[in-house]
Novice: 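One structure is given below, represented as structure tokens, and several questions about it will come after.
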Amino acid sequence: MRTLRLRKKMKLKLFLILFLLSATLFAQKVTTSIDTTKNKIGAEFKLTIKADVDTLSKVFFPKVKNIGALEVIQSYTIDTIKKGNRYELIKKYGLTQFDSGKFAIPRIPILINGKPVFSDSLKVEVNEVKVDTLKQRMYDIKNIADAESDSIWWKYFLGLLLILGIATAIYWYFKKRQKREKPVEIIFTSPIEKATTLLQQLESKELWQKGEIKSYYSELTDIARNYIEEEIKIPAMESTTSELIVSLRKVASQKKLKLSKESLHNLEKVLQQADLVKFAKSIPLEFEIEEDKKRISSTIVTIHNAIPVEVEETDELEQWNEEQKEIARLKKLKKQKQKRIVNAVGLAVLLIVATIGILIATKGLDFVKDNLLGNPTKELAEGEWIYSEYGNPGVKIETPIVLKRLDASKIMPNKTAALFKEMQLFGNGNMADDFYILVSTLKYKKDTEVDLEKAINVTIESFELEGAANIIVKSEDFDTQKGVSGKKAFGTLTSFDKTKTKSAKMYYEVLLFKQDGGLQQIIIMHKEEDKYGKQIMERVLNSVELKQAEQ
């Protein structure tokens, strides 16, 4: 019995081992694929390895620089897709080869739970790129381009220092002139004007409202004492309150001033109040302060009205001399003001000239002209470009401006227009502008064998009809980037404005293509020495592509 039980246990263990082994083998499923088996030299093969495992498995894909004879140019991130209680791990390798021939991608070990599981072996073929040198366009060797030096920063730094130096000099110059100028002194024509003005200024300070009552009474009584001293010629500033009142009564009797006892009493009362504030630290009420200010103002006006008017004989010659002195003084001030303006303008001009000189030295004259005076073709070249399709058969082209649809019937003669069943013209500008572009697509009414050489001659004749002169023409074959063949005419001409008073030498290029009884034409023109116009032309021509004609 015991032996029978042992045998059953052994069979159960063996069954569990076989079950787990089969489950493990099922879990370790690896598939291999590639996007293409044939490619050109240097092109990318995408090798994809998928591992289907359970959620507890640990999978490791190898990091290698080469897989067989192929070079790993890109090891992509592993993608994980969950399928129920299992994961599908997707690993991609970008492979390439720079020699032609047939190559084998060997089996790659993928570690799953520490055990290697191999991918499938695949065969790929690398082909050479065929180049037809007869159809390939040939270009002249370009001149050596000067490399921009990184060591010109010191020029900008020097220019900045110079500008700051000039600005500092201007600032200190005017600062020094301001210090030299004496502060404007207010000149009063009479003591009464001075007193009333000072009283107004005292009220604007709002001293007693801020709690500075002592300062307020000191200034208030000083204004009154100064007025009395200047108007009546008595030492009012040095006298006590009682001495000043006695002196006023004495002078009033001598000069026959009509000063009432009430006026003298009001003045005395204010002066005594001021003495109490200054020496006894008395604090009067608000209505008392207001009353004291009114008493002082009333007293000053009363004294002024009480002084007899003395009529003085004026010396006309002396008066004329004084007027001439005043005129001379005003002229001098005007000249000084004009001199300051001239100096300021001169310094500003010097600063502008120095800045322009620095820019010319560091950036060149063309840079200054283009950025300060403006250059329309530079703005076009550096602006936002538009890639669009025009006409039928469609011409795909990239331009710095949107081309506007033109009325072909107004441009082409009636006899010429009668040959076509469809004419579409798009353009911007004209031959007298800095930059001119025209795209036209034409479809003949009858089946016609288009002769591109004749079409070039017709285009040149249209230039002459528009007033161009001195036209030089050269022609050659032209292929687009995708290999569509056509003709190119290029050269120079002289264009005139509407008034025939101004002319400009222009460089032009004309592209012509024939397709299914139709003609596609692109005309581009810019000023001969305009480097930005040349850049625009090259970019536009490199973007040209054609669509098949619609029946």
Side-chain angles (χ1 to χ4, degrees), residues 137-153 155-156 159 355-388 395-403 426-439 459-460 463 466-476 478-481 488-497 502-511 521-545:
R137 295 179 62 196
M138 304 299 289
Y139 299 92
D140 292 335
I141 298 173
K142 291 186 178 180
N143 294 328
I144 298 173
D146 295 330
E148 293 186 3
S149 174
D150 294 333
S151 60
I152 62 171
W153 63 268
K155 294 182 181 178
Y156 297 106
T355 304
I356 293 174
I358 293 168
L359 289 173
I360 291 174
T362 55
K363 291 287 190 178
L365 181 61
D366 290 339
F367 174 85
V368 175
K369 289 196 296 185
D370 292 342
N371 288 275
L372 293 184
L373 303 180
N375 188 320
T377 52
K378 178 178 182 292
E379 294 173 4
L380 286 177
E382 297 176 354
E384 185 177 352
W385 284 58
I386 302 98
Y387 188 76
S388 188
V395 177
K396 291 184 176 180
I397 192 170
E398 185 181 26
T399 58
I401 41 180
V402 177
L403 304 185
F426 304 85
N428 199 294
N430 56 64
M431 290 173 57
D433 292 337
D434 294 314
F435 184 81
Y436 168 53
I437 182 170
L438 178 71
V439 175
T459 301
I460 300 303
F463 290 168
E466 291 184 38
N470 305 322
I471 303 175
I472 297 174
V473 185
K474 297 180 183 179
S475 64
E476 62 180 26
F478 179 86
D479 293 334
T480 67
Q481 296 288 335
K488 180 174 82 169
F490 59 95
T492 59
L493 56 81
T494 303
S495 66
F496 298 89
D497 63 1
K502 291 183 180 180
S503 63
K505 193 170 184 181
M506 308 292 289
Y507 176 81
Y508 70 88
E509 288 196 14
V510 181
L511 299 185
Q521 179 179 252
I522 301 159
I523 300 174
I524 305 176
M525 200 174 293
H526 65 81
K527 289 185 177 179
E528 187 179 26
E529 301 299 328
D530 188 355
K531 64 178 182 180
Y532 298 107
K534 184 178 179 181
Q535 292 174 9
I536 294 172
M537 177 178 283
E538 289 178 354
R539 183 171 173 180
V540 171
L541 294 180
N542 288 332
S543 70
V544 173
E545 287 300 339

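Counting begins at 1 with the first residue of the sequence.
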Novice: Taking only residues two or more places apart in sequence or in another chain, which ones pass ring pair (Phe, Tyr, Trp, His ring centres under 6.0 Å) with F426?
Specialist: Y390

Novice: State whether the side chain of D530 and the backbone N or O of Y532 hold a donor-acceptor pair below 3.5 Å, judged by distance alone.
Specialist: yes

Novice: Which pair of heavy atoms, one from I536 and one from F435, lies closest together, and at what distance?
Specialist: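 Here I536 and F435 meet closest at CG2-CZ, 3.3 Å.
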
Novice: Say you draw a straight line from CG of N428 to CD1 of I437; how long is it, rounded to the nearest 0.5 Å?
Specialist: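 One finds 8.5 Å between CG of N428 and CD1 of I437.
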
Novice: In Å and rounded to the nearest 0.5 Å, what is the CG to CZ distance from L541 to F490?
Specialist: 12.0 Å

Novice: Would you give the length of the straight line joining atom OG of S495 to atom CD1 of I471, rounded to the nearest 0.5 angstrom?
Specialist: 10.5 Å

Novice: Nearest 0.5 angstrom please: E545 CD to I397 CD1, how far?
Specialist: 10.5 Å

Novice: Identify the two heavy atoms, one from P400 and one from V540, that lie closest to each other, and give their separation to 0.1 Å.
Specialist: CD-CG2, 4.4 Å

Novice: Please give me the minimum heavy-atom distance between Y507 and T492, naming the atom from each residue.
Specialist: CD1-CG2, 4.2 Å

Novice: Between the side chain of N542 and the main-chain N/O of R539, is any donor-acceptor distance below 3.5 Å?
Specialist: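 No: the side chain of N542 does not pair with the backbone of R539.
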
Novice: If you take all heavy atoms of V439 and L403, which pair is closest and at what distance?
Specialist: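 Residues V439 and L403, closest heavy atoms: CG2-CD1, 3.6 Å.
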
Novice: List the residues meeting salt bridge (charged side-chain N to carboxylate O under 4.0 Å, His left out) with K505, not counting sequence neighbours, and say none if there are none.
Specialist: E528

Novice: Looking at side-chain heavy atoms only, is the closest gap between T377 and H526 below 4.5 Å?
Specialist: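 They are not in side-chain contact.
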
Novice: What are the two closest non-hydrogen atoms of M537 and I524, and how far apart are they?
Specialist: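 The pair with the smallest heavy-atom distance is CE-O, 3.4 Å.
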
Novice: Taking atom CD of E509 and atom NZ of K474, what is their separation to the nearest 0.5 Å?
Specialist: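 Answer rounded to 0.5 Å: 11.5 Å.
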
Novice: Can you say whether the rings of F463 and Y508 are parallel (under 30°), tilted (30 to 60°) or perpendicular (over 60°)?
Specialist: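 Perpendicular: the ring planes of F463 and Y508 meet at over 60°.
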
Novice: Give me the atom names and distance for the closest heavy-atom approach of M431 to E466.
Specialist: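 Result for this residue pair: SD-OE1, 3.2 Å.
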
Novice: So, taking the atom named OG1 in T494 and the one named CD1 in I472, what distance separates them when rounded to the nearest 0.5 Å?
Specialist: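 Rounded to the nearest 0.5 Å, the OG1-CD1 separation comes to 8.5 Å.
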
